Enquirer: 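Okay, handing you the structure first.
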Protein chains: 2
Amino acid sequence: MSVTIKDIARMAGVSYSTVSKALKNSPLVSEQTKRKIKDLADEYGYQPNLIAQSLVSKKSGIIGIVWPTVEIIAISTLMTHITAELEKRSYSALLSVGSLETGVRLFNRLHVDGILVFELNRMFDPSESVRSEIPVLSFGLSNVASSYASIDVNRKGAIETAVRYLHGLGHRRIGFVGNLEDHFSKQHDKFLGYMEAMDRLGLPADPHLRVHTRKLVWQEGYRAAKFLLQCRDKPTAIVSASYELTVGIILAMKEAQLHIPSDMSIVSYDHVPQLAHLEIPVTAVGVPVEKMAACIAEAALRMVEHPGDDSPPMAEVELAERLSCAPPKPGR
Amino acid sequence: MSVTIKDIARMAGVSYSTVSKALKNSPLVSEQTKRKIKDLADEYGYQPNLIAQSLVSKKSGIIGIVWPTVEIIAISTLMTHITAELEKRSYSALLSVGSLETGVRLFNRLHVDGILVFELNRMFDPSESVRSEIPVLSFGLSNVASSYASIDVNRKGAIETAVRYLHGLGHRRIGFVGNLEDHFSKQHDKFLGYMEAMDRLGLPADPHLRVHTRKLVWQEGYRAAKFLLQCRDKPTAIVSASYELTVGIILAMKEAQLHIPSDMSIVSYDHVPQLAHLEIPVTAVGVPVEKMAACIAEAALRMVEHPGDDSPPMAEVELAERLSCAPPKPGR
DNA sequence: TTGTAGGCGTTATCAA
DNA sequence: TTGATAACGCCTACAA
């Protein structure tokens with residue numbers, strides 16, 4: 001059994017309420033007894049029992065994160081950053097890997113201070129929206145009919161930025177690799193951004209320029225890129241909807257002996273450092289992970305500490321210019 | 001505020017201890033009152049307060065998992081399976097992403113039933129071994145001087161199996177891609193397995209046949225494979241130390257226009273389904289993830305439920321024959 | 001078959 | 001400046 005406040009009290013020869021105060025640095029305790037108590041606590045490695053604390057104070061200092069899909073790198077990276085960000089603000093993060101339902105239920109029983117729900121590529125199934133006594137903030141969930149608060153990234157704007165950037169470099173035939181079909185998924189916003197930008201810029205909306213990928217894995221990116229290369233009038237630039245897809249696209253280029261950026265320019269969604277560390281540092285659009293993490297953590301804490309206030313805005317999308325883009329070769 | 005046992009008691013017109021018993025299906029309560037109480041509980045969505053429960057019962061039904069490195073696919077997959085496995089046995093898993101110290105401390109304050117610590121590629125730093133009142137089971141940690149119980153995979157045996165398998169197919173020049181240098185990391189066992197098998201089989205221990213990779217990322221595998229291909233007398237088969245490395249190796253082969261398995265055979269560590277879904281289904285060695293998850297969950301629960309018993313053994317390494325291996329071409 | 005009372009480790013409010 | 005004491009939500013003897 002670990003040492004409790006009562007053990008310390010007995011050893012210090014004071015009552016346990018005094019110990020409680022001393023450990024919280026209350027001004028109601030003399031410096032002398034405070035010292036004695038603190039020394040004792042250190043010596044015996046006293047750790048307050050969070051369970052007991054949160055039972056009485058109704059505050060746990062924990063944000064529960066529900067994370068259904070563990071295998072997307074941008075999200076893994078995001079998790080690390082969010083955890084760090086919460087810690088900075090003296091909260092702790094605890095993750096539950098698995099279904100929304102299981103996670104939300106567990107965190108409700110645990111009475112954490114707030115819940116963060118992530119769901120990136122699955123379509124939102126409203127029947128799954130689980131009731132929660134504890135405030136829930138969702139990220140990347142198409143919140144049709146959802147009772148949760150939400151914060152999200154401007155995926156559409158990000159892709160628009162990418163297209164405009166390529167257009168500015170002189171590209172006209174710009175391809176898109178990503179989710180074209182799941183209309184209820186937030187992933188689809190990226191496609192909308194592409195279509196809208198192409199349209200606005202008066203660029204050809206050739207269906208051969210876009211390839212649907214079912215999942216955000218590199219194999220799909222690879223497949224899609226090969227497909228684009230077979231095209232009679234192939235693109236001079238590609239916008240990719242995720243880091244994983246981009247990895248696949250680069251491979252396909254390699255295999256086809258095409259040089260990036262001289263033969264093909266690439267802009268990738270996901271503003272993560274990993275994109276800078278590929279063989280060719282890839283120009284990226286999106287909200288930088290650290291900023292994203294900071295905004296999400298901020299929003300989550302605002303939600304628990306000032307319920308009712310509306311959540312702070314997500315940071316703006318940024319473009320990180322790297323080496324994967326160049327003007328198209330003359331004559332193309 | 002959520003509904004408590006007292007609320008239900010008031011509504012049912014009984015005392016709250018009766019409710020407590022009824023909800024636990026105690027035989028000390030009449031069927032009739034039990035029904036009434038249970039209906040009420042359902043109707044109002046009563047969820048027992050885990051905090052209060054575990055404060056009194058000293059049991060939380062939670063296993064805390066400390067997970068420092070989020071970005072290795074085999075581990076991500078493993079997490080999902082372990083969570084599922086624990087749930088089957090009516091426990092819940094909660095992850096803490098970050099340092100060993102932070103995680104162990106948090107879970108101690110939370111008084112979870114047991115802690116599982118993962119650490120795959122970093123060297124073990126004994127100074128980091130944090131004191132824990134709660135039983136800790138470590139996986140993949142070089143437990144020099146560690147006070148934690150541990151369970152682990154026979155990495156050495158796995159790689160030996162791989163080498164023997166290739167040898168059986170007729171290969172003589174077998175390469176190895178993995179961690180050659182961090183002697184205190186468990187990753188190093190793989191290299192030892194390679195060296196020992198080569199030695200036992202009387203195969204050439206040509207230093208040019210092995211390439212050190214610093215991290216388990218595909219870029220390193222790619223780099224290593226290119227290196228092996230430059231070799232004057234290049235290998236006819238490669239043993240790869242992880243899924244990520246294998247992905248990189250395959251890319252390098254592609255780029256060099258080498259066909260797998262006719263030009264080069266590959267066996268990869270990590271018995272995960274992802275290896276079967278690469279363009280060429282890759283022959284793998286290791287303990288299959290599901291089995292591994294089951295063993296780890298089993299060991300963790302044994303540790304919390306029967307302290308003192310020694311942990312059950314890890315499942316044996318298996319070889320999954322797929323399409324990435326063939327006898328070497330004659331004349332090589 | 002049901003209710004009462006004490007306690008789990010803390011915090012917070014009063015009284016001393 | 002300190003110490004009792006009541007709560008937080010639940011469990012478990014034990015008493016009725």
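Here the structure is a predicted model, which means the values were calculated and not measured. In what follows, every chain begins at residue 1, and chains take the letters A, B, ... in the order their sequences are listed.
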Enquirer: With heavy-atom distances below 4.5 Å as the criterion, would you say the side chains of A:Met79 and A:Ile75 are in contact?
Expert: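 Yes, side chains in contact.
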Enquirer: Assign a letter to each nucleotide of nucleotides 9-16 of chain C from its 5' end: B, base within under 4.0 Å of a protein heavy atom; S, sugar-phosphate only; -, no contact.
Expert: BBBBB---
Enquirer: Indicate, with a heavy-atom threshold strictly under 4.0 Å, whether B:Thr33 touches base, sugar-phosphate, or nothing.
Expert: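 Sugar-phosphate contact only - B:Thr33 comes under 4.0 Å of backbone atoms but never of a base.
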Enquirer: Can you measure B:Lys34 atom NZ to C:dT2 atom P for me and round it to whole angstrom units?
Expert: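 Atom-to-atom, B:Lys34 to C:dT2, this comes out as 10 Å.
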Enquirer: Which of residues 104-113 of chain B have a heavy atom under 4.0 Å from DNA chain D?
Expert: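 Listed by number, there are none.
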Enquirer: Rounded to whole angstroms, how far apart are NZ on A:Lys59 and C1' on D:dC8?
Expert: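 Answer to the nearest Å: 16 Å.
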Enquirer: List the atom pairs, donor and acceptor, that lie under 3.5 Å between side-chain atoms in residues 300-307 of chain A and the rest of the protein, sequence neighbours left out.
Expert:
{"from": "A:Glu305", "atom 1": "OE2", "to": "A:Tyr91", "atom 2": "OH", "distance (Å)": "2.8"}

Enquirer: Let me see the working for A:Thr33 and A:Ser30 under side chain to side chain donor-acceptor pair (under 3.5 Å), right down to the final yes or no.
Expert: CA-CA 6 Å; A:Thr33 32; A:Ser30 75; 2.6 Å; yes
Enquirer: Could you pull out all residues at least two apart from A:Lys6 that satisfy side-chain contact (heavy atoms from CB on, under 4.5 Å)?
Expert: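 Only A:Thr4, A:Tyr16 meet the side-chain contact (heavy atoms from CB on, under 4.5 Å) criterion with A:Lys6.
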Enquirer: Which residues satisfy the side-chain contact (heavy atoms from CB on, under 4.5 Å) test with B:Asn108, sequence neighbours excluded?
Expert: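 If we apply the side-chain contact (heavy atoms from CB on, under 4.5 Å) test to B:Asn108, skipping adjacent residues, the hits are B:Val104, B:Ile115, B:Ser132, B:Glu133, B:Ile134.
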Enquirer: Closest approach of A:Ser15 and A:Ala9, non-hydrogen atoms and distance?
Expert: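 Between these two residues, the closest heavy atoms are C-CB, 3.8 Å.
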Enquirer: Begin from the C-alpha positions of A:Ser92 and A:Glu87 and carry the test side chain to side chain donor-acceptor pair (under 3.5 Å) through to its verdict.
Expert: CA-CA 6 Å; A:Ser92 302; A:Glu87 243 144 47; 5.0 Å; no
Enquirer: With axes from five pairs an end, tell me the bend angle of the helix from C:dT1-D:dA16 to C:dA16-D:dT1, nearest 10°.
Expert: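 Axis-to-axis angle, ends of the helix: 50°.
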Enquirer: If only atom types and distance count, is the side chain of A:Asp113 paired as donor or acceptor with the main-chain N or O of A:Ile63 below 3.5 Å?
Expert: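 Here the side-chain-to-backbone pair does not exist.
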Enquirer: Test side chain to side chain donor-acceptor pair (under 3.5 Å) on B:Thr102 and B:Ser99; report intermediate values, then the result.
Expert: CA-CA 5 Å; B:Thr102 318; B:Ser99 81; 2.7 Å; yes
Enquirer: State, with a plain yes or no, whether a side-chain heavy atom of B:Leu55 is found less than 4.5 Å away from one of A:Asn49.
Expert: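 With C-beta onward as the side chain, the pair touches.
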Enquirer: Under 4.0 Å from OP1 or OP2 of C:dT2: is there any side-chain N or O of B:Ser30 that close?
Expert: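 Checking B:Ser30 against C:dT2: at least one side-chain N or O falls below 4.0 Å of OP1 or OP2.
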Enquirer: For A:Ile37 and D:dT1, give me the distance from atom CD1 to atom P, rounded to whole Å.
Expert: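 Interatomic distance, CD1 of A:Ile37 to P of D:dT1: 13 Å.
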Enquirer: Taking the side chain as everything from C-beta on, heavy atoms only, tell me whether B:Tyr46 gets closer than 4.5 Å to B:Ile5.
Expert: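 The answer is yes; the side chains approach within 4.5 Å.
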